[in-house]
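Let me begin by presenting the structure, written as structure tokens, before commenting on it.
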Amino acid sequence: MDYSFTDEQLSIKQNFAHFCQKEIAPRAPLLDRASEEEVQKLIKENIKKLASIGYLGMYHEEEYGGTNVDLISQVIAGEEVAKACASSFLSAGASCGLFGMPLKLFGTPEQKKKYLPGIIAGDLIGAFGLTEPEAGTDAAAIRTTAVKDGNNWILNGSKTFITNGPIADVCLVMAYNDKNAGPGAGVTAFIVEKSAPGFKVGKSFDKCGFRGSPTSEIFLDDCTVPESAVLGEVGRGFIQAMQTLEFGRIGMATVALGIAQACLEEANKYSKERKAFGRPINRYQEISFKLADMMIMIDIARLLIYRAAYARQMHDPEAAVYASCAKLFASESATQIASMAVQVHGGYGYIKEYPVERLYRDAKLGEIGEGTSEIQRVLIARSILAKCAK
Ligand SMILES: Cc1cc2nc3c(=O)[nH]c(=O)nc-3n(C[C@H](O)[C@H](O)[C@H](O)COP(=O)(O)OP(=O)(O)OC[C@H]3O[C@@H](n4cnc5c(N)ncnc54)[C@H](O)[C@@H]3O)c2cc1C
């Protein structure tokens with residue numbers, strides 16, 4: 001087993017670290033404290049900045065403007081983006097990943113040609129609309145409907161917690177076209193442009209963390225889209241969404257990793273500088289052991305993420321369960337690590353002037369978004385039980 005990076009991966013790490021610390025990190029506190037209108041402007045600028053170094057095209061093929069690099073390279077770059085600004089990671093990921101990935105995997109050549117170049121260039125912003133007020137973990141309980149009307153489809157329902165909702169030009173919307181067929185064959189994914197009649201965006205949610213990434217409800221009120229808006233085939237939407245979320249879990253694990261790494265670096269720096277009882281606080285074992293524990297958890301999370309990314313790339317049948325393990329461990333570790341980082345800062349960790357205060361609030365989302373910790377445990381346990389049954 002070879003744990004070393006290729007030259008290309010090393011250069012991606014260096015380039016992204018340099019770019020993100022210079023261009024993205026200084027804007028993270030601004031995004032965190034900005035008004036709703038300012039957030040929309042600043043995050044669009046950050047998405048455009050990330051496009052300029054090719055981040056949004058890493059998932060995508062050359063013919064649409066991407067570089068289609070391996071998944072481990074994407075994780076390496078993603079960690080640097082998340083470390084600099086978790087909100088930018090989330091909004092960029094919702095656009096080029098949650099919207100762009102199903103387009104790549106299931107879209108027709110016309111759909112890819114129409115949307116992917118804009119997404120990759122950061123000129124077009126995408127969103128992914130699965131969750132509804134009554135259907136989160138239980139995604140099959142969505143109530144949004146799609147009814148065929150001549151050459152059009154009429155969508156009715158609402159989506160909630162949609163990352164990029166307020167800034168998205170186009171949103172992938174999952175709706176039942178045939179409730180009797182069940183989720184596996186009766187849900188279709190539609191590419192809905194914001195100009196579609198009956199498409200409305202709700203107010204941005206006032207969130208605890210990830211305040212720089214706008215989130216809102218979306219309303220579909222006799223929303224009319226052409227037949228060409230169907231992603232791939234009718235009736236495949238739920239399976240397409242679940243496959244997209246398998247990639248998304250590697251993404252959520254990566255954002256947790258970036259947050260955790262930022263916490264460790266901040267705690268390390270602060271504990272060197274802060275003195276108590278005549279010594280830097282990192283000379284006290286209670287503090288230095290926290291740094292050690294943080295490092296171990298980060299290393300394990302990183303290895304689990306690399307394993308999940310590699311397995312996905314190699315079409316390993318265990319890839320989905322590896323993604324759940326990585327997401328679960330990385331996100332739960334990140335909340336613990338963020339808490340330790342605040343503790344190392346004492347009272348200063350509790351005020352907004354210090355980045356760990358924001359990182360602490362941001363960390364929690366990892367345990368909720370793209371499948372809660374509870375549901376990851378359900379999936380992992382189900383896989384173990386299935387093996388025991390053999
Ligand atoms: C900031 C943010 C951004 C988001 N972005 C998007 C997006 O872009 N697109 C999108 O579609 N969605 C998005 N989501 C939604 C997110 O995926 C859901 O919030 C998540 O799946 C949980 O659903 P829920 O909030 O309805 O909680 P619920 O499903 O109501 O869960 C509540 C609690 O019950 C537990 N629970 C539920 N079922 C079970 C079970 N079977 N076994 C054990 N425990 C269970 C859960 O783990 C949780 O602890 C976002 C959410 C947030 C907060």
Side-chain angles (χ1 to χ4, degrees), residues 31-32 36 39 43 47 82 86-102 119 125-144 157-175 183 187 189-192 201-220 231 237-238 240-249 251-253 255-256 259 324 327-328 331-332 334-335 358 361-382 385:
L31 263 164
D32 186 52
E36 194 180 323
V39 161
I43 193 69
I47 290 174
S87 289
S88 298
F89 179 101
L90 193 71
S91 276
S95 187
C96 68
L98 287 181
F99 175 80
M101 183 58 83
I119 291 286
I125 293 176
F128 176 83
L130 177 63
T131 305
E132 296 186 3
E134 304 294 328
T137 306
D138 184 7
I142 58 169
R143 292 180 184 175
T144 298
S158 70
K159 298 288 170 181
T160 194
F161 293 131
I162 306 307
T163 298
N164 292 347
I167 56 167
D169 299 292
V170 58
C171 181
L172 198 65
V173 169
M174 270 52 77
V187 172
F190 295 90
I191 303 167
V192 185
V201 176
K203 218 172 134 347
S204 291
F205 288 117
D206 192 4
K207 304 193 299 297
C208 148
F210 281 87
R211 294 182 63 83
S213 169
T215 320
S216 71
E217 282 188 298
I218 279 174
F219 302 103
L220 304 146
L231 179 72
F238 194 76
Q240 291 167 347
M242 292 304 117
Q243 289 185 7
T244 302
L245 290 177
E246 268 176 47
F247 282 98
R249 278 171 195 154
M252 274 319 264
V255 73
I259 291 170
S324 288
K327 199 253 178 198
L328 175 66
S331 59
E332 291 195 345
T335 54
R358 166 173 43 83
R361 286 183 283 108
D362 285 350
K364 184 63 192 171
L365 181 65
E367 295 181 60
I368 299 168
E370 308 204 14
T372 59
S373 284
E374 289 78 7
I375 217 64
Q376 303 313 320
R377 284 196 168 81
V378 169
L379 295 171
I380 296 162
R382 198 178 283 162
L385 299 186

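Both counts, for ligands and for their atoms, begin at 1 and track the order of listing. All of these numbers come straight from a predicted model, not from anything done at the bench.
For the atom pair CZ of Arg361 and CG of Asp32, the computed distance is 4.5 Å after rounding to the nearest 0.5 Å.
A 4.5 Å side-chain heavy-atom check between Arg249 and Leu379 finds at least one atom pair inside the cut-off. Annotation: side chain of Glu36 is in contact with side chain of Lys203 (closest heavy-atom distance under 4.5 Å).
Taking each heavy atom of Glu132 and Thr160 in turn, the nearest pair found is C-CG2, 3.5 Å.
Put simply, the side chain of Lys159 gets close to the backbone of Met174: a donor and an acceptor are under 3.5 Å apart.
Using a 4.0 Å heavy-atom criterion, the residues that approach ligand 1 are Phe128, Leu130, Thr131, Gly136, Thr137, Phe161, Ile162, Thr163, Lys207, Leu365, Ile368, Glu370, Thr372, Glu374, Ile375.
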Quiz prompt | Stepwise salt bridge (charged side-chain N to carboxylate O under 4.0 Å, His left out) check, Asp362 with Arg211 | solution = CA-CA 8 Å; Asp362 285 350; Arg211 294 182 63 83; over 6 Å; no
